[in-house]
Amino acid sequence: MWVLGVLCVGVYIGYRWFPARFHRANSILQVICTAVLIFSMGIVLGSRENFLRELAFLGVDSLLLAVLPMAGSALLVYGMTRRFFPRVSPWEPEQPEQSEQPDRLEQWKQPEPEESSESRKGEG
Amino acid sequence: MALIAVGALVLGILAGQRAPSSPVLSWLTYVPEYTDAVLFVLMITVGISVGANRVVLRKLREMDLRILLLPFGVILGSLAGGALCTALNPFSLGANLAVSAGMGWYSLSGVLLGEALGADIGAVSFLSNLIREFLSFLLIPLAVKTLNSYAAIALAGATSEDTALPVLIRHAPEETVVYSVLSGVLTSAAVPVLSRLFIALAGG
């Protein structure tokens, strides 16, 4: 549950004073942290004494027990949301709000497009 | 992102195998002890992304009880998938349900099932839930495009509150993160309860 608390602190920082020019750096830091977490997961896995043997003997069963529950979850949730969220939900791809901002990273690369267009108008 | 994820996993496995016996790399064996700190930084950065986006906060205010459908669907779908496995593998219904109840939380599920139902089931649980977490990284972008963002959250199961978040935030609209965290928290809370329930069903 501490994760939720830390997330709230981050939300507050982002809402109150986080400068827009650091958004890209923030995004890169996210990727780095994720890579470190996966790397760490690999270390735990690789350091298991019988990892390769386990993978060979139990790999197919494990894969099955990963794929079918994933498919079950995704399909059931998809069906339920189609059934119980009849309006176009705000986070579906065809939502106009999102189509106006298709790529946040691209947006952050060019943080103030309105200003630059205005300045061009001024120059003209 | 997927390439980075695969690369990090392969390097991690190699490091896990080589580091303990290598005087140069042995410090790498301590990396897993600091994952909480990395997760802390990750959550701050994810929070910043959410907080900086005004749309997310507006959506949070509009949220209603339908949000509970997400963890409910994740749990029920996972268990249905686990039950289906009974027809395809040598394990009992209880064992398959117990493994699928891990919902990606490989460390907890692997330990719980390993202690109660034996090393084989423990290893299967560890591997399958690890595979689920890892496949989520690869399949979330596809699920967002072909199904919807809810389904992408469902793929990640209990990990939608932490490790899968950066992938979701990259490929789905940012407000998704709010629902993803709430679904992940509730799903994670159900993991130990359901695991013990199905361990009992499996005779452990």
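All values derive from a computational prediction rather than experimental measurement. In the text below, chain A, chain B and the rest are named by the order of the sequence lines, each starting its count at 1.
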Q: Can you name the closest pair of heavy atoms from A:Ala35 and B:Ala8 and give their distance?
A: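 That closest heavy-atom pairing would be O-CB, 3.5 Å.
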Q: Given side chains that start at C-beta, do those of B:Tyr30 and A:Ile43 come closer than 4.5 Å, heavy atoms only?
A: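 No, every pair of side-chain atoms sits at 4.5 Å or beyond.
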Q: With heavy-atom distances below 4.5 Å as the criterion, would you say the side chains of B:Gln17 and A:Ser47 are in contact?
A: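 The answer is no, as the side chains (C-beta and beyond) never meet within the 4.5 Å cut-off.
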Q: If I measure from the heavy atoms of chain A, does B:Asn96 come under 4.5 Å with its side chain, its backbone, both, or neither?
A: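 Contact with chain A: backbone and side chain both.
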Q: Just by distance, with hydrogens left out, do A:Ser40 and B:Thr35 show a side-chain donor and acceptor under 3.5 Å apart?
A: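 There is no such pair (donor and acceptor under 3.5 Å, judged by atom type) between the side chains of A:Ser40 and B:Thr35.
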Q: Do A:Met80 and B:Phe72 have side chains that approach each other closer than 4.5 Å (heavy atoms only, starting at C-beta)?
A: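 Touching, per the 4.5 Å side-chain cut-off.
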Q: Does any non-hydrogen side-chain atom of A:Val77 lie less than 4.5 Å from one of B:Leu70?
A: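 Yes - at least one pair of side-chain heavy atoms lies under 4.5 Å apart.
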Q: Return the option, out of B:Ala164, B:Gly157, B:Gly104, B:Cys85, with the maximum number of heavy-atom pairs under 4.5 Å with chain A.
A: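 Most pairs with chain A among the choices: B:Cys85.
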Q: For the atom pair CE (A:Met70) and CD (B:Glu133), what is the distance rounded to the nearest 0.5 Å?
A: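 Interatomic distance, A:Met70 CE to B:Glu133 CD, rounded to 0.5 Å: 10.0 Å.
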Q: Using every non-hydrogen atom in the two residues, find where B:Ser128 and A:Ala66 come nearest and quote the distance to one decimal.
A: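 Of all heavy-atom pairs spanning B:Ser128 and A:Ala66, the closest is O-CB, 3.2 Å.
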Q: Under 4.5 Å from any heavy atom of chain A, what part of B:Ser136 do you find: side chain, backbone, both or neither?
A: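 For B:Ser136, the contact with chain A is made by backbone and side chain together.
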Q: Quick check on side chain to side chain contact (heavy atoms under 4.5 Å, CB included): which of A:Leu65, A:Leu63, A:Leu64 does B:Ile131 satisfy it with?
A: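 For B:Ile131, the side chain to side chain contact (heavy atoms under 4.5 Å, CB included) test succeeds with only one of A:Leu65, A:Leu63, A:Leu64, which is A:Leu63.
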Q: Between B:Leu139 and chain A, with a heavy-atom cut-off of 4.5 Å, which part of the residue counts as in contact: side chain, backbone, both or neither?
A: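 The side chain, not the backbone.
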Q: Kindly indicate whether the side chain of A:Leu37, heavy atoms from C-beta on, has any atom under 4.5 Å from the side chain of B:Leu42.
A: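 Yes. Closest side-chain heavy atoms under 4.5 Å.
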Q: Between A:Asn26 and B:Thr45, is there a donor-acceptor pair closer than 3.5 Å when you use the side chain of the first and the backbone of the second?
A: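 Checking the backbone N and O of B:Thr45 against the side chain of A:Asn26, a donor-acceptor pair under 3.5 Å is found.
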Q: Just do the side chain to side chain contact (heavy atoms under 4.5 Å, CB included) check on A:Thr81 and B:Leu69 with the steps written out, would you?
A: CA-CA 8 Å; A:Thr81 50; B:Leu69 284 176; over 6 Å; no
Q: Can you name the nearest heavy-atom pair linking B:Leu28 to A:Phe39, along with the distance?
A: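 Looking at all heavy atoms of both residues, the shortest contact is CD2-CE2, 3.9 Å.
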Q: Will you find, in the side chains of B:Arg132 and A:Ser62, an N or O donor that is under 3.5 Å from an N or O acceptor?
A: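 A:Ser62 and B:Arg132 do not have a side-chain donor-acceptor pair below 3.5 Å.
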Q: Taking the side chain as every heavy atom from C-beta outward, state whether B:Arg170 and A:Ser27 have any atom pair closer than 4.5 Å.
A: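 Heavy-atom side-chain distance check passes, below 4.5 Å.
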Q: Quick check on B:Ala123 against chain A: is it the side chain, the backbone, both or neither that has a heavy atom closer than 4.5 Å?
A: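 Contact with chain A: backbone and side chain both.
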Q: Between B:Val124 and chain A, which part of the residue has a heavy atom less than 4.5 Å away: side chain, backbone, both or neither?
A: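 Contact with chain A is through both the backbone and side chain of B:Val124.
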Q: Under 4.5 Å from any heavy atom of chain A, what part of B:Tyr34 do you find: side chain, backbone, both or neither?
A: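 Neither part, no heavy atoms under 4.5 Å.
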